[in-house]
Structures are given as structure tokens and as C-alpha cells.
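Let me begin by presenting the structure, written as C-alpha cells, before commenting on it.
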Amino acid sequence: MATIDTGTKTGRTLIYRHSLAVRLSHWVNLLCLTVLLMSGLQIFNAHPALYWGQYGADNDPSFISMEAVDDGNQAKGVTHVGSFTLDTTGLLGLSNVNGEAAARGFPSWLTLPSYQDLSAGRRWHFFFAWLFVLNGLVYLAYGLISRHLRRDLAPAGKELTLAHLGHEVANHARLRFPKGAEARHYNTLQKLTYLAVIFLLLPLMIATGLTMSPGFNAVAPWLLDIFGGRQSARTLHFLTAFSLVAFVVVHVAMVIVSGVFNNLRSMITGYYAIEQEDGQ
């Protein structure tokens, strides 16, 4: 993250925070993850149940499942999570399709395409999955060559102390955001979160996705052993995807409360305005 001052006005300094490579990879990731989520839900709807182990079928106990059931004179949607059953009519299990209630895992407005089409969902999913992987490799190469990963994302030893982390957690909870010199760099919570996403969640999502491919199993059968079978990999893939959704939701919330215009400008133009602390 470069920090080149470009001028001061009314107590603010404009710095160059995000390089072109970081900004491009960010927006490509946004596109890919959106399409991957919607097409992935389309694929999930072909059999809206998750299992743990080698096999998964209608008569096997599921980890999570969605279905439409008869409830007297009408149908309702239910979602099973282990031994718990939740009424999710209108959203999960049973939702409105073209003005009529239809049995469906996730609703049509969340899937790509909106109508039930497994083959089309797979084509969208596989194309953007490889685009996502390629974009990630380019970002990783850039991060290593430019030292972006080490300079901007690797936390220093003093940042990992319990006192420092506790202080940052408290500031985030109170929506107190850094000013002055501290605003020139990612805080420790950002660094740790981004590193967890880059080096844990994303590789896990890619690896479990490949494990579900019979063709790739022929090349790397050991993946099935690592994840305990294709159905376990499917469950982990689903849970990892929704962990990324949770990350994006929190990320967007932080963007909003810390300054939408300033954050969007920095990710579009690279320039970010920081407020000077008293005495600076």
C-alpha cells in the first residue's frame, strides 16, 4: 500500500492507498463471487441437502436439507439443521415462482439462472470458478513480487499482543476508526481477516470444489481421503461459501459506517483521504 501525499485540504490528506492491480483484482473477485454464489445455489437446488461422509441420498441422514411438505390443506417450506426443523416458507424449501408457490431450496431471485436448470448453473459456475482462480493467482504473484503481502498484510509482532488486539476490538465495537498516521495502513483485525480469507477460506473453497469433480478425482484421488468423501467436500464447500458471504456482509458494513464515498473512491481511483489528528 503506497502512501504518497497529494495535498492537504481542511485537515485531510489524500494518499495513494490501493495499486491498480489490487483494485482490478478486487472488482474481478466481486463479479466472480457473485456469479459463483448464485450459480452455486442453482446447483444446490438440484438436490437441496448436505451430508457428511462418502455417500448422500434421499434415505441417508442429512446435515442440512430443505424441502416442501404438506401441512393440512397447504404446503409449507421447511429447513432441517441436524435434529432441528424450521418453518422457512416463502424463502427456503417453498417460495414464489412466477406468482405460484413452488418447491425449491433457495428462491429464484437468488439463483443463476432464475429458473431451475442444473446444466446452465454448472456452466456459469465452472467458467467463473476458473476466472476466479486465475485472478487469484495473478493477485498472489503481484503480492509476492511487489511485497504487497508482506508490507501491507503481514502483522508485526507487537500487533499480535492480546492488549493490542483487545484495543482494536474495542475500537471496532464502538465504531471508532483510525485517523492520521494509523489510517495509512490496514489495522491488525483487517490484516488477520484478509490473510484468513486469502490463505484459508479461498484455498479450502477451491480444494473442496475440485474434490467434487470426478474428473479431477482421477488426477488427485487423495483429495477424497483428505475431505472424507465427495459429500463431505460438498458440505464443506457450502459452509465455506457462506463464510465468505458473512465476510462480505461485515466488509460492506464496515465500508458503510467508516465512509462509503472515501472507501469507494480508494478502490476505484486508489486515493484515500485521511483525517489528521489534533496537533499534526
Side-chain angles (χ1 to χ4, degrees), residues 1-2 16-44 110-113 117-154 186 190-224 226-227 230 233-252 255 263-264 266-270:
M1 175 193 313
Y16 189 67
R17 194 178 195 188
H18 299 299
S19 67
L20 178 62
V22 170
R23 299 192 321 263
L24 286 177
S25 66
H26 173 274
W27 294 115
V28 172
N29 275 342
L30 175 62
L31 171 64
C32 289
L33 287 174
T34 300
V35 176
L36 285 171
L37 174 64
M38 297 180 71
S39 59
L41 296 182
Q42 168 71 241
I43 296 170
F44 175 84
L110 266 178
T111 66
L112 184 69
D117 190 333
L118 177 59
S119 62
R122 282 177 170 170
R123 288 194 296 271
W124 281 101
H125 202 73
F126 294 159
F127 177 83
F128 278 89
W130 287 115
L131 178 60
F132 178 70
V133 170
L134 179 61
N135 184 58
L137 291 175
V138 171
Y139 171 81
L140 187 60
Y142 164 78
L144 293 173
I145 294 172
S146 68
R147 298 173 64 83
H148 163 65
L149 295 176
R150 182 172 183 177
R151 182 183 64 246
D152 299 326
L153 295 183
Y186 295 130
Q190 286 178 303
K191 292 178 180 181
L192 293 176
T193 302
Y194 294 153
L195 288 174
V197 169
I198 293 170
F199 294 107
L200 179 61
L201 287 183
L202 295 182
L204 181 60
M205 187 172 70
I206 293 169
T208 52
L210 292 174
T211 303
M212 289 185 285
S213 169
F216 199 82
N217 293 158
V219 178
W222 44 269
L223 280 175
L224 288 169
I226 289 177
F227 294 111
R230 194 171 290 120
R234 184 171 182 257
T235 297
L236 287 172
H237 192 73
F238 184 90
L239 295 178
T240 302
F242 274 85
S243 296
L244 287 172
V245 170
F247 160 76
V248 171
V249 169
V250 174
H251 176 69
V252 171
V255 166
N263 284 302
L264 283 179
S266 71
M267 196 49 72
I268 294 173
T269 68

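All values below come from the heavy atoms of this structure, side chains included, with hydrogens, waters and symmetry mates left out.
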Give a yes or no on whether the backbone of T211 and the side-chain of N217 come within a donor-acceptor separation of less than 3.5 Å. yes

V22 versus S25, closest heavy-atom pair with distance: O-OG, 2.9 Å

Any chance you could measure I145, atom CD1, to L140, atom CG, to the nearest 0.5 Å? 9.5 Å

Do L110 and L37 pass the side-chain contact (heavy atoms from CB on, under 4.5 Å) test, and can you show the C-alpha distance, the side-chain angles, and the key distance before you say yes or no? CA-CA 9 Å; L110 266 178; L37 174 64; 5.7 Å; no

Taking it one step at a time, do Y139 and H148 satisfy side-chain contact (heavy atoms from CB on, under 4.5 Å)? CA-CA 10 Å; Y139 171 81; H148 163 65; 3.1 Å; yes

Sequence neighbours left out, what passes side chain to side chain donor-acceptor pair (under 3.5 Å) with S39? Give chain and number order. H125

Atom pair CZ/CD1 of R23 and I268 - distance to nearest 0.5 Å: 9.5 Å

Interatomic spacing from CG in L239 to CG in L201 - rounded to 0.5 Å: 11.0 Å

Specify whether F247 and H251 have parallel, tilted or perpendicular ring planes, treating 30° as the upper limit for parallel and 60° as the lower limit for perpendicular. parallel

Main-chain N/O of T111 paired to Q42 side chain as donor or acceptor, under 3.5 Å: no

Kindly determine whether M212 and I43 satisfy side-chain contact (heavy atoms from CB on, under 4.5 Å), including the steps that lead there. CA-CA 12 Å; M212 289 185 285; I43 296 170; over 6 Å; no

Which side-chain hydrogen bond (donor to acceptor under 3.5 Å, both in side chains) pairs, counting each pair once, include a residue from residues 234-248, with sequence neighbours left out? T208-H237

side-chain hydrogen bond (donor to acceptor under 3.5 Å, both in side chains) contacts in which one or both residues fall within residues 191-200, not counting sequence neighbours: E159-K191

Evaluation steps, side-chain contact (heavy atoms from CB on, under 4.5 Å), between L149 and F199: CA-CA 11 Å; L149 295 176; F199 294 107; 4.1 Å; yes

What are the two closest heavy atoms between N263 and V255, and how far apart are they? ND2-O, 3.2 Å

Using the test side chain to side chain contact (heavy atoms under 4.5 Å, CB included), find all partners of L137 that sit at least two apart in sequence or belong to another chain. V133

Taken in chain and number order and not counting sequence neighbours, the residues that satisfy side chain to side chain contact (heavy atoms under 4.5 Å, CB included) with F126 are R122

W27 (side chain) donor-acceptor with M267 (main chain) under 3.5 angstrom: yes

Working to the nearest 0.5 angstrom, can you tell me the gap between L131 CG and N29 CG? 9.0 Å

All side chain to side chain donor-acceptor pair (under 3.5 Å) counterparts of T34, not counting sequence neighbours: none

Report the distance from atom CZ of F128 to atom CG of L134, rounding to the nearest 0.5 Å. 13.0 Å

In this structure, which one of V245, V250, V252 forms a side-chain contact (heavy atoms from CB on, under 4.5 Å) with V248? V252

With rounding to the nearest 0.5 angstrom, report the CG to CZ distance, L202 to F132. 4.5 Å

If we ignore angles and hydrogens, is there a donor and acceptor under 3.5 Å between the side chains of Y142 and S19? yes

